[in-house]
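Values reported hereafter were calculated over all heavy atoms of this structure, with side chains retained and with hydrogens, waters and symmetry mates removed. Bear in mind the structure is a predicted one, so any value in this text is a computation, not a measurement.
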Amino acid sequence: FPNISDKVSLTCKNSIIVETKSEDEDILLTIEILRHISVSDSFRGNLQATCFPSEFSMSNCKSQIEIDENYLKIFKDLYLEKFCNYIEEQLEDYEMINKKDEDLINQQNSTTNQNFYGPVGAVQHGNNIANVSQNIGQNFSEILEQLAILKNQFQSLPSDEREEAVEVIDAIAIEVQSDKPSKGKIKSYLLATKDFAVRTGTELAASTLAKLIESHIGNKV
C-alpha cells in the first residue's frame, strides 16, 4: 500500500475519514496512525485530529481532563482495540501453525516409528502417511526442521502463492525420503523454494536446507 503515508497524513493532520479497500489496508493504516501518534511532538493535537471531534460535544465538558478523556475513549475504540484484536488473532494463528509443525517434527524424530510423506516402501494409510523404520541419515531431522520453518514462514505469502509454496515443501519431503531421490526433481524444487524464500526473507533457511539435502543425498548414493 504505497499511499498509506498520505492517508495517515489526511487522518492525523486534516481530520479526514479515509476509506480503505481491504482489511489488511485498514489494519496497516491503524498501525501507522499509532506509530505516528507515538512519536508526535504534539501528542494531544495529533491524537485529537484522528478522532473526528463531532463524536461528542466539547461544550458539555467542564475541563481539559474531560475533553482528553473523551478523545482517548474514541481513540481507543477506533484504533487501540482494533490493533490489539488483530495482534491477538495473529498470535493465535501463529501458535496453531507452530503446533502443527512441532507435531510433525516430533513424529518424524521418533526412534522406533518414523512418519513419512509419500511412498517409502510401506503401505500408505489415511492421509498418505506411512509408519516405517529405516536409516534415513543423521541430518534428516535437521532437514525436517528447516522444512517446517519454511512452511511456517510461507504462510505469509498471498493465498495463490502460499498453496504452491506448501506443495513444493511437501514434494521435497517426499523426494528426500525416497530410496532413490531424484537430483533433478530436488534441484527444481529447491529453485522454487529459493524464489519463495526471497519473498519471505527466509533465504538463510532455504540455503541451509539445500546444503543439508545435498549431504543427505550424498550419503544415500
Task: Pairing of Lys211 and Glu214 as salt bridge, 4.0 angstrom limit - done: no
Task: Val166 side chain near Phe196 side chain, heavy-atom distance below 4.5 Å - done: no
Open item on the list: Could you tell me if the side chain of Ile213 sits less than 4.5 Å from the side chain of Gln146, heavy atoms only?
Closed with: no
TODO: Using modelled atom types only, decide if a donor and an acceptor are shared between the side chain of Thr193 and the backbone of Tyr189 within a distance under 3.5 Å.
DONE: yes
- [ ] State whether the side chain of Ser215 and the backbone N or O of Leu212 hold a donor-acceptor pair below 3.5 Å, judged by distance alone.
- [x] no
Open item on the list: Give me the atom names and distance for the closest heavy-atom approach of Arg162 to Leu157.
Closed with: NH2-O, 3.1 Å
TODO: Flag the pair Glu164 / Asp160 as yes when at least one side-chain heavy-atom distance between them is below 4.5 Å, and no otherwise.
DONE: no
Task: CD on Glu23 to CD1 on Ile27, rounded to 0.5 Å - done: 6.0 Å
- [ ] Using a strict 4.0 Å threshold on nitrogen-to-oxygen distance, state whether Asp77 and Lys82 make a salt bridge.
- [x] no
Open item on the list: For the CZ atom of Arg35 and the CD1 atom of Ile37, what is their distance to the nearest 0.5 Å?
Closed with: 12.5 Å
TODO: Assess whether side-chain contact (heavy atoms from CB on, under 4.5 Å) is satisfied between Thr208 and Glu142, documenting all intermediate values.
DONE: CA-CA 9 Å; Thr208 301; Glu142 297 179 63; over 6 Å; no
Task: Donor-acceptor under 3.5 Å (Gln177 side chain, Ala173 main chain) - done: yes
Task: Under 3.5 Å donor-acceptor, Gln155 side chain and Lys151 backbone - done: yes
Open item on the list: Less than 4.5 Å apart, side chain to side chain, heavy atoms only: is that true for Leu78 and Thr50?
Closed with: no
Task: Side-chain touch Pro181/Val176, heavy atoms, less than 4.5 angstrom - done: no
Task: From Lys183 atom NZ to Ser188 atom OG, the distance as rounded to the nearest 0.5 Å - done: 16.0 Å
TODO: Verify, without hydrogens or angle tests, whether Thr202 (side chain) and Ala205 (backbone) share a donor-acceptor contact under 3.5 angstrom.
DONE: no
Task: Any donor-acceptor pair under 3.5 Å from Asn70 side chain to Glu66 backbone - done: yes
Open item on the list: Quick check: closest heavy atoms across Thr30 and Tyr79, and the distance to 0.1 Å?
Closed with: CG2-O, 3.5 Å
Open item on the list: Ignoring hydrogens, what is the shortest heavy-atom contact between Lys7 and Glu19? Give both atom names and the distance.
Closed with: NZ-O, 3.5 Å
Open item on the list: Contact between Lys76 and Glu81 at the side-chain level, heavy atoms closer than 4.5 Å - yes or no?
Closed with: yes
Open item on the list: Is there a side-chain contact between Glu32 and Ser5 in this structure, where contact means two heavy atoms from C-beta onward sitting under 4.5 Å apart?
Closed with: no
Open item on the list: For a 4.5 angstrom cut-off between non-hydrogen side-chain atoms, does Val18 reach Asp6?
Closed with: no
Open item on the list: Show, in sequence, the C-alpha distance, side-chain angles and deciding distance for Leu190 and Lys187, and conclude whether the side-chain contact (heavy atoms from CB on, under 4.5 Å) test is met.
Closed with: CA-CA 5 Å; Leu190 288 176; Lys187 182 178 180 181; 5.9 Å; no
